[in-house]
Amino acid sequence: MLLSALAALTLAAAPAPAPAPTPDALKPAADALYPQLEALYCDLHQHPELSLQEAKTSAKMAQKLKQLGYEVTTNVGGYGVVGLLKNGAGPTVMLRTDMDALPVKEANEVRCASHETTKDASGAVVPLMHACGHDIHMASWVGAATLLSKMKDRWRGTLMMVGQPAEEGGGGAASMLKAGLFTRFPKPDVALMVHDMAGQPSGTVALVPGFALAAVDAVNVTFYGRGGHGSMPEKTVDPIVIAARAILAFQTIVSRENSPFDPAVLTVGSIHGGTKHNIIPDEVKLQITVRSYREEVRKHILEGIDRIARAEAMAANAPKPPSVTVEAGNYATYNDPEIVARLKPALAAALGADKVVDAKPLMAAEDFSEYGRAGVKSAMVWVGGVEPKALAAAQAAGTPLPGLHSSSWEPDKEPTLKTGVVALTASALEFLGKP
Ligand SMILES: [Zn+2]
Ligand SMILES: [Zn+2]
């Protein structure tokens with residue numbers, strides 16, 4: 001009797017292994033998670049935090065991962081969070097979310113709209129909004145962390161969840177790397193991320209093989225002249241004229257010195273000099289943004305700005321050479337083509353072939369590029385954020401819709417979030433080992 005009861009218990013305790021979920025089972029799994037992820041999204045959207053101030057947001061991310069059984073380390077390079085889920089021998093796959101918001105006053109009057117403000121680094125009170133969708137990324141990332149922790153029978157290896165602070169400026173990725181992201185923790189074989197996208201229908205994902213986002217450099221130039229009375233230019237060196245000539249000459253770096261097959265942008269976005277009609281000022285300041293993909297192109301443009309600025313100052317007999325400084329910027333984001341080639345069918349299987357589209361590179365930037373530069377094969381996936389009918393109508397009418405960083409940006413929440421969850425989960429499963 002006892003023996004047969006034991007035999008029955010043993011039988012009951014060893015059920016047949018559950019069949020591994022097929023890729024198309026990820027969508028219903030994301031549907032089931034949606035109510036809790038929507039609540040998280042709503043909380044994050046209502047309580048945004050500026051770059052380098054993500055104390056509460058990172059604590060929320062750490063808490064979610066801990067609840068799911070991840071080994072969590074906080075304060076990695078600022079408010080960075082690392083969560084590891086080890087599941088036997090196999091590759092290490094990193095999924096990254098960004099966590100910071102922007103100093104933008106939200107114009108949307110929706111449930112969960114942000115009304116918060118904070119003090120920025122200069123002490124000025126600024127409004128706060130998740131206007132770049134980093135709240136969608138975090139909710140998608142927690143969704144993927146949840147699904148992957150529940151389907152450990154489907155993969156082998158180490159899942160590395162990285163919550164990165166200060167993407168919008170502040171060098172979050174570089175700080176995490178400097179704090180030992182790839183030495184204190186396993187160096188991943190692949191790093192992946194999603195980013196929401198304006199101008200792309202919700203429910204879709206888009207991939208760009210190779211360079212996807214540009215390197216960005218911010219250049220400050222100050223021309224020095226010798227000020228004086230506007231009626232006696234012969235007694236002065238006019239820095240406004242030097243700046244005017246230099247601005248036109250700078251344009252020839254891209255149009256005459258750079259190959260038309262190498263995308264590059266040089267925009268003088270700000271010029272400040274002088275106070276009144278009849279005063280020739282002592283100096284003029286310029287702020288320039290430089291965008292490029294290839295490192296040689298980037299170096300050539302930066303050297304060109306310095307060369308032309310000096311030459312124009314010398315030509316005008318300026319009392320001293322100009323000051324040219326380059327602020328720390330972003331490197332170009334390169335999607336490893338082999339990774340993209342594997343992501344395409346994996347995402348098509350999970351979302352439907354018609355939901356995976358090709359996209360063109362942009363001259364915007366992301367510090368996700370840092371992980372690639374640190375030697376990890378990486379790729380980012382764009383997740384469409386606009387309701388398809390509204391997008392089609394706007395495109396037909398030629399009306400612009402709000403884009404990222406706009407005070408009116410509002411992703412088409414439910415399909416965007418669910419697609420983010422499925423995209424991150426399917427992408428991770430593609431590169432994690434198979435049982
Ligand atoms: Zn942004
Ligand atoms: Zn962003």
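Both ligands and their constituent atoms are indexed starting at 1 by order of listing.
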## Note on the structure
Restricting Glu168 to its N/O/S atoms, the closest one to the Zn ion (ligand 1) is OE2
#### Entry: Charged N-O contact under 4.0 Å between Arg298 and Asp217
yes
### Task
Kindly indicate, with the supporting measurements, whether the criterion salt bridge (Lys or Arg N to Asp or Glu O under 4.0 Å) is fulfilled by Lys56 and Glu49.
CA-CA 8 Å; Lys56 290 183 190 140; Glu49 291 177 297; 5.2 Å; no
### Query
Hey, is the Zn ion (ligand 1) within less than 2.8 Å of some N/O/S atom on Glu167?
no
### Query
Taking 4.0 angstrom as the limit, do Arg96 and Asp367 come out as a salt bridge?
yes
### Query
Would His134 count as a contact for the Zn ion (ligand 2), in the sense that one of its N, O or S atoms lies under 2.8 Å from it?
yes
### Message
One thing to verify: whether Lys344 and Asp358 come together as a salt bridge, which I'm taking to mean a side-chain N less than 4.0 angstrom from a carboxylate O.
### Response
yes
